[in-house]
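Side chains included, hydrogens not; waters and symmetry mates left out as well; all remaining heavy atoms used. Both ligands and their constituent atoms are indexed starting at 1 by order of listing.
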Amino acid sequence: MPEGPEIRRAADDIEKALQERPVLDISFTFDRLKEYEDFLIGAHIQRVDTKGKAMLLRFDAGFTVYSHNQLYGKWFIRNAYNYPKTNRQLRLAIHNEKKSALLYSASDIEVLRDEEIAAHPFISRAGPDLLSESVTADDLYKRFLSKPFYRRRWTSLLLDQSFIAGIGNYLRSEILFSARIHPSARPVDCTETQLRLASEAAINLMYQSYAHNGITNDLELAGKLKSEGKTRKQYRHWVFNREDQSCYMCGTPVEKIQAASRRLYFCPSCQI
Ligand SMILES: [Zn+2]
């Protein structure tokens, strides 16, 4: 399931494909959206914003196409009118002279006037998006200790999109490992050092994952492991997906548990 970094990369691909040329044709599968097609043909896509796992295609005609991929949505960028072979259902197709951007399987698609965006139920509730808003480690540190959040468990907090938008399951495990925080802890249980490390890790791992194809492990270590013939699953993360394998910091076997109904990986020696 894609998290903030993967959504931002998909947004970059859509921008690259659609930004330069006007929309030649656009079609929505849902009847309720068809009325907007005529407004958007001939318009330019100025940019593609993200808010966590939501994407906002900003058209110059004063409209924005909002989509949230939930669990199954997937964008494909293809040469114009060149559809992929897939059993997925096409929900939105945007074409220009050269390229097509095709959204499959997503059901959460809306067309908004630009002035309606701030009040949208998901956007208005979402926390800061670390990849598209200027959020500092100090801002996050204060957020961790603020009243709505400081007595909640990290494991549910880090998946809550109103806390920080765009963190998903792999980033949750990796942030907690990097800050040496035990998965049963809450912000109020942590030392100042752990809170500072967590605020830096949230930002740094998000950007690193975005820039380096999802890798949250130390980049030098990941490169070394790769050159030794290790698989991507083995070198990509510090702990995520590495049950029973040795912690890269201390050698203790990594453990897997269920937390907030999702799998979580941690090192019982490093995270206390
Ligand atoms: Zn360890």
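Protein contacts to the Zn ion (ligand 1) involving N, O or S atoms at a distance below 2.8 Å are C247 SG, C250 SG, C267 SG, C270 SG.
N69 and K53 share no side-chain donor-acceptor pair at under 3.5 Å.
The side-chain heavy atoms of V23 and L18, taken from C-beta on, include no pair separated by under 4.5 Å.
For E35, the CD atom is densely surrounded, since the number of other residues' heavy atoms within 6.0 Å is greater than 12.
The only member of F163, F149, Y150 that meets ring pair (Phe, Tyr, Trp, His ring centres under 6.0 Å) when paired with F144 is F163.
Taking the ring centre of F63 as origin, the terminal cationic atom of R113 falls inside the region bounded by 6.0 Å and 45° from the ring axis.
Between F39 and Y36, the angle of the ring planes lies from 30° to 60°, which puts this pair in the tilted group.
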